[in-house]
Amino acid sequence: SATGEATHFISQDDIARPETDRSVLRFDTAPTIRAPLSRLSFLSITTSATLRLTYWRGGRERIEDGADPLPPVTRHLADLRADLEGPVFTKTWTPKENGYADRYKHRIEPRLSVSWLSSFDAIDRGLQNDHIDTMVGGTTTVTYGLVNRLLARRKSATGRGDMRDILAVSISQSRYSNELAAAFDSQYQSTTSSTFSPVQMTTTVTPGEGFNGRFQMYLDAKTLQVQTYSASATAGQDRTQLTAGWSKRQFLPDVPGFDNPDGASHFVNFSLTSRSASGRIGGTYAANYDIRDGSLLQQRVVLHLNAQCCGVSLDYQTLRQGLSGTTVLPADRRFGISFSLAGLGSFSNPFGSFGDNSGRR
């Protein structure tokens, strides 16, 4: 297989000051060869080799020094990887009373992955936009974990059903030969510079077609204190759907990266979407509530009306002033309207939503 992309990242703090231009042009391609080494049902071993070629034009030195752009940067990375799953232990049984399901299966799946990236010493030359830019060369990463699955076969209206996950519990962690790689590992939402990643624990439940839930937390590798919690759930059918979420970031005085009390946060969010049987009329209400400050961070209402030939959509949003990382988000109210015409597409205000980001309205 092979992937490739060409991207131009546009970023400039002050249009009147060219030295604040952070724009960069990037080409990236990554052909990959994969090969399975095991055909056993209880043991899976897959290897892969990727040769990644990345080219940047522009870079951080242009911003910091205010000088002319340096010569383009080209990066060659070899990525070798081996993934092992197993040996898998399975137990299947049939309940005496067929109430919820007519058969269950329990699977225990040990997992191990080893990856190696060749050396690249100029990681600071480019802007760190995404995981492609932040790949730390010269790193060996070992990821290990265990997955417990409970599957059930439930009969459907059309007859015999298939085995589906109704409960899955997993735990995983990674070890890096280069501590810098831990800060840029996209597998973990909570990252710090360390030889070991946080311990990731995830539980998902899907008892039926109309409901699914997920709970996740990260534990510090040294102190085993919980760094972050998060939970989400979705319930509903085709016409109405309710989604709710909860997240909490802890203040841990003895854990680097979590030792600042201002970095702690506690939020809940939810959204409710409903539409008519025909789908012509519908709407969504969404809100984010800051439990720590006891106030609404944002509210949003979207309404739409569709006819056979055309449609209209109204979007109203209010934002409370707050922090997003180190960026101050100003209070704002926004109102947007868009139209759609059959066969032509959608049309909206070319200048964006109504509002001025000043907090006065």
Side-chain angles (χ1 to χ4, degrees), residues 11 13 22 60 63-64 113 115 117 121 123-146 169-203 214-232 244-270 287-298 319-331:
S11 177
D13 291 342
R22 293 184 174 90
R60 184 168 297 171
I63 309 161
E64 296 176 348
S113 297
S115 63
L117 281 176
D121 298 329
I123 185 174
D124 293 333
R125 286 286 301 277
L127 296 178
Q128 297 172 355
N129 297 289
D130 52 27
H131 71 283
I132 294 178
D133 292 343
T134 56
M135 298 176 70
V136 181
T139 302
T140 300
T141 303
V142 179
T143 302
Y144 40 88
L146 184 69
V169 180
S170 65
I171 180 171
S172 63
Q173 188 183 34
S174 296
R175 186 185 187 282
Y176 314 93
S177 62
N178 186 344
E179 293 186 357
L180 182 61
F184 299 107
D185 193 341
S186 59
Q187 296 183 87
Y188 304 93
Q189 297 178 2
S190 175
T191 56
T192 56
S193 295
S194 174
T195 303
F196 291 92
S197 73
V199 179
Q200 176 181 288
M201 302 181 67
T202 305
T203 301
R214 178 184 177 92
F215 174 79
Q216 190 172 66
M217 64 180 181
Y218 292 87
L219 284 72
D220 182 70
K222 293 182 179 180
T223 65
L224 294 183
Q225 299 180 81
V226 180
Q227 297 176 345
T228 61
Y229 297 93
S230 66
S232 62
W246 168 74
S247 63
K248 184 178 182 181
R249 179 184 171 92
Q250 300 275 79
F251 164 59
L252 305 175
D254 53 346
V255 177
F258 294 83
D259 51 358
N260 183 0
D262 294 333
S265 62
H266 197 183
F267 293 98
V268 293
N269 63 82
F270 70 92
N288 294 73
Y289 184 78
D290 189 336
I291 298 178
R292 189 182 180 190
D293 293 342
S295 60
L296 280 170
L297 183 64
Q298 74 156 345
L319 297 172
R320 175 182 65 84
Q321 181 175 342
L323 290 175
S324 177
T326 58
T327 304
V328 178
L329 300 178

Could you tell me the separation between the NE2 atom of His131 and the CG atom of Asp185, rounded to the nearest 0.5 Å? 11.5 Å
Which residues satisfy the ring-ring contact (aromatic ring centres under 6.0 Å, His included) test with Phe215, sequence neighbours excluded? none
Contacts of His266 that satisfy ring-ring contact (aromatic ring centres under 6.0 Å, His included) - sequence neighbours left out: Trp246
Kindly indicate, with the supporting measurements, whether the criterion side-chain contact (heavy atoms from CB on, under 4.5 Å) is fulfilled by Val136 and Tyr176. CA-CA 10 Å; Val136 181; Tyr176 314 93; over 6 Å; no
Please list every donor-acceptor pair under 3.5 Å in which a side-chain atom of residues 289-297 meets a protein atom from a residue at least two apart or in another chain.
residue: Asp290; atom: OD1; partner: Arg292; partner atom: N; Å: 3.0
residue: Asp290; atom: OD1; partner: Asp293; partner atom: N; Å: 3.2
residue: Asp290; atom: OD2; partner: Arg320; partner atom: NH2; Å: 3.3
residue: Arg292; atom: NH1; partner: Pro261; partner atom: O; Å: 3.3
residue: Arg292; atom: NH1; partner: Ala264; partner atom: O; Å: 2.4
residue: Arg292; atom: NH2; partner: Pro261; partner atom: O; Å: 2.8
residue: Ser295; atom: OG; partner: Arg320; partner atom: NE; Å: 3.0

Any side-chain heavy-atom pair of Thr223 and Asp254 under 4.5 Å: yes
Run the side-chain contact (heavy atoms from CB on, under 4.5 Å) test against Ser265 and tell me which residues pass, sequence neighbours left out. Arg249, Phe267
Residues in side-chain contact (heavy atoms from CB on, under 4.5 Å) with Ser115, at least two apart? Asp79, Arg81, Thr141
How long is the gap from CG on Leu219 to CD on Gln250, to the nearest 0.5 Å? 10.0 Å
For residues Thr140 and Ser177, report the shortest heavy-atom separation together with the two atoms involved. N-OG, 2.8 Å
Could I get the full list of side-chain contact (heavy atoms from CB on, under 4.5 Å) partners for Gln173, not counting sequence neighbours? Tyr144, Phe196, Ser197, Val199, Ala221
Using the side-chain hydrogen bond (donor to acceptor under 3.5 Å, both in side chains) rule, take Thr143 and Ser174 through it: C-alpha gap first, then chi angles, then the decisive distance, then the call. CA-CA 4 Å; Thr143 302; Ser174 296; 2.7 Å; yes
Grab the two heavy atoms, one from Ser194 and one from Ala182, that are nearest each other, plus how far apart they are. O-CB, 3.2 Å
Rounded to the nearest 0.5 Å, how far does CZ of Arg214 lie from OG of Ser232? 7.0 Å
To the closest 0.5 Å, what do you measure between CG (Leu180) and CG (Asn178)? 5.5 Å
Is there side-chain contact between Phe258 and Asp220, with heavy atoms separated by less than 4.5 Å? no
Minimal heavy-atom distance between Asp130 and Thr134, with the atoms involved, is O-OG1, 3.1 Å
